[in-house]
Each structure stands twice: as C-alpha cells, then as structure tokens.
K.L.:
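Before we start, here is the structure in question, set down as structure tokens.
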Amino acid sequence: MLIYLNSVNQEFKDYFSDLVFRVVISGKEGYISFLFEHKSYPDKAIAIQLLKYMAEIWETKMKKEEVSELPIVIPLVVYHGESKWRFPLHLGGFLNGFEEMPQNVKEYLPNFHYLLYDLSDYSDEEIKGNAQLRIMLKLLRDVVTKSTEEFLRSFYEASHALLEIEDKQKGIEFFEITLRYVFNAVRDLTKKDMERIVRQIETTFPEGSEVAMTLADILREEGMQEGLEKGIKEGLEKGRQEGASQALAKTALNQLTEKFGALPEHLKENIRQADLATLENILQNIFKYQSLDEVKKFLKH
C-alpha cells in the first residue's frame, strides 16, 4: 500500500509520506494507493483536485516507472473545518445534470467517489491507529473547533501516546513535528501558555522537554522581533501622519520598554527630546542593543 498526502501540514506530510506496505491482490503481489487530501474548509473544487492528483500519480507511474498497468488509487479527504462538509462525495455530483443523464451518456464521463472523514464526528475512542496517527488526527480535529485552553488540554492528553513509541529517537522527532504544529497553528499562544506546555511535557514525555524548551525560546524570540519590526513600521507610518519626531519617540519608548522593561524617567525624557535623525537611528539599531547603557551612550552623540 502506498500512501500519498496532499495539502497536509508539510511537517506531518514529510513524516508520513514514506509509509509503504506490500499487499497481495488475487494471489499476486501488488499495491493499493491511498491518496489523502487534507481540508480545513469546505472546498467545492475538491473532486477536480483529487482527479488531478490521481492523474499525476498514474502519469508518473507510466513515464518514470514504465508500468504496463496503472495502480488502484483510492482518494480520501480528511476534513476538520468549523462547518459541515456540504459538497457531493463523487465527481458526477459536480457535473451539470449528471444524475438525470441516461446511462449510455454517463459512460463517456469521468466519475469516482471519494471517502470523507470529518474528524469532528469522531470521539477520542473512535480514533484508532498507532500513536503518531492518533495524535495527528486529534490535533487536526481540535485545533479549529476548540478554544485555546481546550486545545491545549487535548494536546496534553495526546502527548501521553508518545510513550507508546518504542524508538525514543523517533518519538522525539515526531514530538518536535507535533510541537511545531501546535505553536504555529494556535496563533494566540502566550508566553505563559508556552511555559505551561514545557512544564507539562517534562511530566508526560520527559525525553521531549529539551526540544520543547528550545522551540519555545526560538518562537518567543521570533515573536518579540516580529512585534518590534511591526511596531517600527507602524511608528514610521504614524510619524508621517502626526509629526515625525513625536511619533518616533513614542515608538522608541514602546519598543525599548518591550525589550528591557520599565525605563528610567531621565532616559524617557532624553528620548522625547531627541531629534528625528537620532530617533530613526535608535529604531534601526534596536535589535543590536544588549542593555540600556548602549542606548544612553548612543543618545550622547
């Protein structure tokens, strides 16, 4: 059995796309291909997309592997959107008047059914498979339908399944993939949330605690830099509208406070009194400062 994955989170895709199982069909060795398509919203073009992917699989087999017979490809859609899937489960359902056509006309038109798995319909007990598969499906199910707090609880519960993975290195690698997905999918995670995740992992999956701490530090730093860059951009734009020096001084104070905490009053006053060129230089070099002393020295020039 070959498994093809399309439009799946890239890290999950990289992890699962090499799963291959030999099967016996009518006494002969062969394979069945399962094409997985991941959707987080109802997509009316789904049947066309699946047909395209299936044709690409067959074309690759014919051109690169020079096979004389095409493999069986069974398309599946894994869905976890907020609303119910509302589109037909076969290509013919998208063709104008297909159902009313006589059979001798239908014979000349492509048609196939695809399997739909709406994860919102499945309870934890109904999600089967190995640890990696159960974790992935539960996270996909809950990331859209649950609040941040509820999703984190689901993540904690799912993380217990990591203990079932005998190869600890493989478990750590999959845990890193999972954690990256969590940090990227849940946009409103706070520093406190990340610290809670690290503490929880130290208890449930201690092998992954170092990975969790490293990722949390990286993402916190990225988030801080992104916030600073956004603030600078907004400050420059605002400066053009309400007085450059005043707006840039306010932006500089906000960003320095974000980076170093509460500022001394005399430093805040010096920044408010600085000229436009000095303020622009402060903002352009703000990522380089390691302490407020560097800012103070810069203001003296």
K.L.:
Does one hydrophobic cluster hold both Y114 and F98, with members joined at side-chain heavy-atom distances below 4.5 Å?
P.N.:
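No, Y114 and F98 fall in different hydrophobic clusters.
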K.L.:
Using a 6.0 Å cut-off, check whether atom NZ of K52 has over 12 heavy atoms from anything other than its own residue.
P.N.:
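Not more than 12 within 6.0 Å, no.
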K.L.:
Check the orientation of F87 and W85. Use parallel for under 30°, tilted for 30 to 60°, and perpendicular for over 60°.
P.N.:
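F87 and W85: perpendicular rings.
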K.L.:
Check this for me, if you would: do R141 and D121 make a salt bridge, where the nitrogen-to-carboxylate-oxygen distance has to be below 4.0 angstrom?
P.N.:
no
K.L.:
So, Q273 versus K268: side-chain donor-acceptor pair below 3.5 Å or not?
P.N.:
no
K.L.:
Would you find more than 12 non-hydrogen atoms of other residues, nucleotides or ligands less than 6.0 Å from F260 atom CZ?
P.N.:
yes
K.L.:
State the CD-CG distance between E56 and L51, to the nearest 0.5 angstrom.
P.N.:
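Rounded to the nearest 0.5 Å, the CD-CG separation comes out at 10.0 Å.
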K.L.:
How long is the straight-line distance from CE of M62 back to OG1 of T60, given to the nearest 0.5 Å?
P.N.:
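Between T60 OG1 and M62 CE, I get 11.0 Å after rounding to 0.5 Å.
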K.L.:
Looking only at heavy atoms, which two atoms of P110 and L91 are closest? And how far apart?
P.N.:
O-CD2, 3.5 Å
K.L.:
Kindly compute the distance separating CD (E37) from OH (Y53), expressed to the nearest 0.5 Å.
P.N.:
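Atom-to-atom, E37:CD and Y53:OH are 4.5 Å apart.
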K.L.:
Evaluate L95 against N111 for side-chain contact (heavy atoms from CB on, under 4.5 Å), listing each step before the verdict.
P.N.:
CA-CA 9 Å; L95 301 178; N111 188 31; 6.0 Å; no
K.L.:
Within the side chain of D142, is there an N or O that forms a donor-acceptor pair under 3.5 Å with the backbone of F151?
P.N.:
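No, D142 side chain to F151 backbone: no donor-acceptor pair under 3.5 Å.
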K.L.:
Find the distance between NZ (K138) and CG (D124) and round it off to the nearest 0.5 Å.
P.N.:
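CG of D124 is found 4.5 Å from NZ of K138.
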K.L.:
Looking only at non-hydrogen atoms, find the nearest pair between S120 and D118 and report the distance.
P.N.:
OG-OD1, 2.7 Å
K.L.:
To the nearest 0.5 Å, tell me how far E126 CD sits from L137 CG.
P.N.:
12.5 Å
K.L.:
Show me, pair by pair, the donor-acceptor contacts under 3.5 angstrom made by side chains of residues 70-83, not counting sequence neighbours?
P.N.:
residue : atom : partner : partner atom : Å
Y79     : OH   : S83     : O            : 2.5
H80     : ND1  : L140    : O            : 2.5
H80     : NE2  : H38     : NE2          : 2.6

K.L.:
Are I46 and Y41 connected in a single hydrophobic cluster, I mean Ile/Leu/Val/Met/Phe/Trp/Tyr linked by side-chain heavy atoms less than 4.5 Å apart?
P.N.:
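Y41 does not cluster with I46.
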K.L.:
Let me check something: do I48 and I57 share a hydrophobic cluster, defined by ILVMFWY side-chain heavy atoms less than 4.5 Å apart, either directly or through other members?
P.N.:
yes
K.L.:
Using a 3.5 Å distance criterion without hydrogens, assess whether the side chain of E150 forms a donor-acceptor pair with backbone atoms of S147.
P.N.:
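Yes, E150 side chain to S147 backbone: donor-acceptor pair under 3.5 Å.
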K.L.:
Start with the C-alpha gap between Q49 and K39, add the side-chain angles, then the distance that decides, and say whether side-chain contact (heavy atoms from CB on, under 4.5 Å) holds.
P.N.:
CA-CA 12 Å; Q49 291 177 355; K39 290 293 180 184; 3.0 Å; yes
K.L.:
List in chain and number order the residues that pass side chain to side chain contact (heavy atoms under 4.5 Å, CB included) with E107, two or more places apart in sequence or in another chain; answer none if no residue qualifies.
P.N.:
Q103
K.L.:
Of all residues at least two apart in sequence or in a different chain, which pass the side-chain hydrogen bond (donor to acceptor under 3.5 Å, both in side chains) check with E59?
P.N.:
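Counting only residues at least two positions away or on another chain, E59 forms a side-chain hydrogen bond (donor to acceptor under 3.5 Å, both in side chains) with K63.
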K.L.:
In Å, rounded to the nearest 0.5 Å, how long is the span from CD1 of I127 to CG of L119?
P.N.:
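Nearest 0.5 Å value for the CD1-CG distance: 6.0 Å.
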